[in-house]
Amino acid sequence: MKNQTELEAMIRERLDELKLVTARNPQVAARARARFLAQAVSANEAHRNRGWGFIFRKRQFALNMVVTILVIAGLLAGGGTTVRAAQDDLPNEPLYIIKTLSEDVSLQFQNSPEAKADRLLELSQTRVQEMTQLIKAGQTPPEQVAERLEQHLQETLQLYSSMEDAELDQALVQLHEQLQQYEHDMQSLQVQATQGSQPVLERTHKMLQTQLHVVNQGLLDPQAFRNTVRNGMRDKQTQTPPTPTSTPSTSATPLQNQNDQATPQPGGQGNGDGLGPNPDPGKPKPHMTPTPKNGGNQPGSGNDKDKEKVPKDKNPKDPKDKDSGENESGGKGSGGKEK
Amino acid sequence: MRNLASKEQELLRLASQLDVEALAEIYDRYSPALYNYAMRLLGDTALAEDCVAETFARFLKSLQKGQGPRDRLQAYLYRITHNWVVDLYRNHEKTSELNETLQYEEFPGPEEEAAMRIRQKQIREALHNLTPNQQKVISLKYLEDWSNEEIARALHKTVGAVKSLQHHALVSLQKLLMEQPDEKSN
């Protein structure tokens, strides 16, 4: 028994030396975390898109294809003039359906997400102009117009949610200005509109405020914005947005006014926004600091060069290509290469 | 303790639905310790990062398949990490590529530090010559300071079996370490 104790003490002493590990590089750790969260987000999206969502998407795709084919056939049959003529039509006019169909087709042919987002913003502008023209003519804008406006803006935000931080920031600043303008337009229209037009205008106004709120969130915290857009903005939109003020374009924003530079102030906004907790996954949390249970990471124990000693090509040895992934010892993962 | 367990159950429940916030919390809770564990077994920052990334990627993949742990998440994650390390060494035993890399690796820096790193390399090599279960018992007990009961639960073994594995592992380790040359001769 004594031998066992002595043996254990001897081995323990040797093993204790392994506890002295080089502290983890916080930047590398943060990148690894971000990569895992990106995997988690796409897994979550894939999960959500199963079932009815998948069926709906298939149906939507088929519908888009039919519309595209019909409009192309129309164009080939000499309908180009008709389509051009339809561009000025309002929702209550006969060629309006051609106008919206041609818009849908034009979206299909945008060759990049940026171009598609730009086109969507143009279309949102068109919808607001249509509403303005109808109100000025003493008519009530159909719900269909408001719904298309909302659809354009949501699709724009979806496209933005795939952008890198810098690009996203720039795009959101632009969208913020545009939304503020729309909100201002909507408030002006509400003053001019008949009683019958008030519900659709009010609904559109609230929708714009919600979108503005999401954009503001994006300016303050891009990752939270992406999560919101990807994980259920539709749900959030049913929540009550911030109370509108009586003056135009006065929604609380991280931008002082629509001409200012974007100056997101961390912590300045975002509480009580009805958009749920802010996971802030881009930043390592305080408890992420390696805290070995028993004396790891001791000062001076590591060699700084250890962090750099493994060249990129030193680590081709990945066991994951051997295993099937059916249990936790195997399987291919998307393990991050951080060298 | 019960609160911690129920919190982990709740996290696991949300994670099984691929809830991003729950997954982030799990990552934040366990990745630092798993990184240290991988570092102790591998002695290489880049490999340790790969190991942690792969551990969580496999965890996520299991959840996507509707599998994954129902409880004892920590033990589950350590098992993946450990198996990744074992696989790494097993794969490269054939080519001895990893061992060569370690063997001929230079140890720059002060003499004391170099000696320490050589000793670390020796004990790691000895550890990797144990059977997988012996490795797990020794690593979890002496590197992570788990109790025999915790190890038994993690490995789905009895405490007696864990003690037996531990005893045989200690004897083997002693033999392996005695066979190794003194670090000063390196």
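Predicted model only: the values in this text are computed from it and were never measured.
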Exercise. Got a second to check how far A:Glu45's CD is from B:Leu18's CG, nearest 0.5 Å?
Worked result: 11.5 Å
For this session: Would you mind checking which part of B:Leu63 comes under 4.5 Å of any heavy atom in chain A, side chain (CB onward), backbone (N, CA, C, O), both or neither?
Result: neither
Problem set entry | Steps toward side chain to side chain contact (heavy atoms under 4.5 Å, CB included) verdict (A:Arg24, B:Val52) | CA-CA 12 Å; A:Arg24 193 177 187 187; B:Val52 173; 4.2 Å; yes
Exercise. Is chain A contacted by the side chain of B:Leu23, its backbone, both, or neither, given a heavy-atom distance below 4.5 Å?
Worked result: both
Problem set entry | B:Tyr27 OH to A:Gln39 CD distance, which is reported to the nearest 0.5 Å | 9.5 Å
For this session: List the steps and the verdict of salt bridge (Lys or Arg N to Asp or Glu O under 4.0 Å) for B:Asp145 and A:Lys19.
Result: CA-CA 11 Å; B:Asp145 298 313; A:Lys19 289 183 177 176; 3.2 Å; yes
Exercise. More than 12 foreign heavy atoms under 6.0 Å from CD of A:Gln170: is that the case here?
Worked result: no
Seminar exercise, completed: Nearest heavy-atom contact between B:Ala24 and A:Arg33 is CB-NH2, 4.0 Å
Exercise. When rounded to the nearest 0.5 angstrom, what distance separates CZ in A:Arg12 from CG in B:Leu170?
Worked result: 9.5 Å
For this session: Applying side chain to side chain contact (heavy atoms under 4.5 Å, CB included), run through A:Leu15 and B:Leu127 and close with a yes or a no.
Result: CA-CA 9 Å; A:Leu15 286 166; B:Leu127 259 181; 4.0 Å; yes
Problem set entry | pair B:Leu177-A:Ile11: side-chain heavy atoms closer than 4.5 Å | yes
Problem set entry | Heavy-atom pair of closest approach, residues B:Leu60 and A:Ala40 | CD2-N, 3.7 Å
For this session: Taking the side chain as every heavy atom from C-beta outward, state whether A:Leu7 and B:Val171 have any atom pair closer than 4.5 Å.
Result: yes
For this session: With rounding to the nearest 0.5 Å, note down the distance linking CG in B:Leu41 to CG in A:Leu18.
Result: 8.0 Å
For this session: Output the distance between atom CD (B:Gln166) and atom CD (A:Glu8), rounded to the nearest 0.5 Å.
Result: 5.5 Å
Problem set entry | Leading residue by heavy atom contact count with chain A [cutoff under 4.5 Å; candidates B:Val86, B:Thr55, B:Val20] | B:Val20
Exercise. What residue, out of B:Lys141, B:His167, B:His82, has the most heavy-atom pairs lying under 4.5 Å from chain A?
Worked result: B:His167
Seminar exercise, completed: Here the gap from B:Arg117 atom CZ to A:Glu17 atom CD, rounded to the nearest 0.5 Å, amounts to 13.0 Å
